[in-house]
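Note sheet for the following structure.
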Amino acid sequence: MTACRYMKRLLWNTLPALLALMLLATGCFEDKKVTTNNVVSVQITAFKMESKNLPELGKTFFSIDHRSGRIYNAVPLPYKSSFDTVKLTLSVYGKNNIKVLVGGEERTSFGTDSIKLAGWEKGMEIVVSDKDSTMTKRYRVEINRYEFDPETFVWERADALGFPDMSGVAQVDYFPSFQADNEGRYLCYKGDRTDVYSVSYPNRNTPIVLEPAEGLLHAKDVVYIEGSDADYRYALINEAQNGSAEKLTLSLSAWKQFGESAALSVEVKDPSLYKLIGGFIKPGERYPSAAVILRQKGSLYFGLASVVNGNAITIKRGEPVPQAFPMESYGRLLRTQANYPLLLVAGGKTMQGTYVAGVWSTTTGLDWLCLDRPQEQALPVMEGQPLFLYDSEADSYYYIAGNKMLSSKDAVIWHEMNRELALPEGDFREGGRFAPVGWIAPGHRMWLLGGKTSQGEWKQEVWRGFPKIYAQP
């Protein structure tokens, strides 16, 4: 192809594009009027309240959730914060109409943007509408206040009757009742024998009573768990046969009201059954299941032992057990999350004898998740068995090990509390108290029972603590 013919074809192919570009450029310089629509919105973009009677109110940030129509302060105000008159500052688009409703009644402003909000505890709403009242949006204002100081506990010694002789006790455990707020089971492991005591504490003004309940022989691990039927509580017993840890039996027995024996006893003999971690009841089922560890061909696996129809136990193998998973001396916790049982363990000692500080959780028993945490906000590695508790009313976890007490909202990020403000006096704050058992009763009441000193002495005492109220002197 000659150069001349090539240039003609190139010009022919590019000519339409050049013409279109010229037309577009001409249009860009034409004098045209641009029409814009006025934006109409009834959203609140900022919210602030100030009160001379409550300086903290002016420093409080309020979040605005437009989708749910909710205005709230994520960081609560002090305990029993009170105010009647405030300066209310709202930011909205344009000249919208604003109404403030308290308990369904409209409140009008006076003075310099001041408004009376007496009775706001009954409910407060802000209604925003455009000038034509064609668009309206309602916001519910939630003012959150602290009920207590989560960093400070007030402790007092509680009387106890029937505290057992702790001679020869190697390890202890405790299982609170979920059906009754003032009952539980206290276990003392003594070699090939385990003594079980029922614990009752009717109210704050009466002593805690410990009474012998059962004596179990060759019980390697014991877990108490309640059934969905409030009349029955179950005991899962991992029993070493003839003192051999290689051949184990998982026995299920039912107690009515934690004492009266019921007509139920199911057993399964499985040489692979190595350890019983905890028990729970699946939603919609009456009989319990046990999270276990199986040993098969020299390897360890998570497993689930389930009671079927009250007359059989099936065992299912799950994921391999990681080396970092604790095998003894851990703190165990069972709670409900989204109407489903959540079993957690924290701290403890691995199969290799190394103390760890991780938190593990499971809903199935077949696989366990190690909750990741930033190193600077992790649990400390402590020797001895920790106490792992959960306050359902405050949605807070507590971890007590030695002379340290930590708290967390998610069991991932932990905050170490001031031991002088958080722990009972004496060796709890000094040398440390190891392997205490405890529970949290309604009203954020924390109970601590027994435990060993740093010299290995078991203490026969009970402490009762509650968070300090902000208004308390």
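Quick caveat: nothing in here was measured; it's all calculated off a predicted structure. We use all heavy atoms of the structure for the numbers below, so side chains are in, but hydrogens, waters and symmetry mates are not.
- Separation of the F47 and Y139 ring centroids does not fall under the 6.0 Å cut-off.
- Without hydrogens or angle criteria, R107 side chain to K116 main chain gives a donor-acceptor distance under 3.5 Å.
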Given side-chain contact (heavy atoms from CB on, under 4.5 Å), test K275 with V321 step by step and report yes or no.
CA-CA 12 Å; K275 186 174 181 59; V321 176; over 6 Å; no
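- Side-chain N or O atoms of R185 include none that pairs as donor or acceptor with a backbone N or O of P176 at under 3.5 Å.
- Put simply, the side chain of N403 gets close to the backbone of E430: a donor and an acceptor are under 3.5 Å apart.
- Without hydrogens or angle criteria, R138 side chain to G69 main chain gives no donor-acceptor distance under 3.5 Å.
- Counted by atom type alone, K409 and S396 present one or more donor-acceptor pairs between their side chains at under 3.5 Å.
- Panel note: side chain T350, backbone A324; no donor-acceptor pair is recorded below 3.5 Å.
- Side-chain atoms of E125 do not come within 3.5 Å of backbone N or O of G104 as any donor-acceptor pair.
- Side-chain atoms of T362 come within 3.5 Å of backbone atoms of D367 as a donor-acceptor pair (strictly under, hydrogens ignored).
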Go through it in stages, so that I can follow the logic: the residues are L343 and R332, the test is side-chain contact (heavy atoms from CB on, under 4.5 Å), and I'd like the CA-CA distance, side-chain angles, deciding distance and then a yes or no.
CA-CA 8 Å; L343 183 62; R332 182 198 304 107; 4.0 Å; yes
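- In this structure, Y201 has its ring center closer than 6.0 angstrom to the ring center of W439.
- For the pair R464 and W155, the cation-pi criterion (under 6.0 Å, within 45° of the ring axis) is not fulfilled.
- The backbone N or O of L421 sits nowhere less than 3.5 Å from a side-chain atom of R429 that would complete a donor-acceptor pair.
- Heavy-atom contacts from other residues, nucleotides or ligands closer than 6.0 Å to CD of Q352 number more than 12.
- E416 CD: more than 12 foreign heavy atoms inside a 6.0 Å radius.
- Side-chain atoms of N144 come within 3.5 Å of backbone N or O of N73 as a donor-acceptor pair.
- A heavy-atom distance below 4.5 Å is not found between the side chains of L300 and F325.
- The shortest distance between side-chain heavy atoms of K316 and S306 does not fall below 4.5 Å.
- Using modelled atom types, one side-chain atom of K137 and one backbone atom of H66 make a donor-acceptor pair closer than 3.5 Å.
- The only option from F153, W414, F388 that meets the ring pair (Phe, Tyr, Trp, His ring centres under 6.0 Å) definition with Y398 turns out to be F153.
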Using side-chain contact (heavy atoms from CB on, under 4.5 Å), reason through D391 and L389 one step at a time and then give a plain yes or no.
CA-CA 7 Å; D391 185 348; L389 299 173; over 6 Å; no
Is there a side chain to side chain donor-acceptor pair (under 3.5 Å) between D195 and Y189? Walk through the geometry before answering.
CA-CA 7 Å; D195 293 332; Y189 290 91; over 6 Å; no
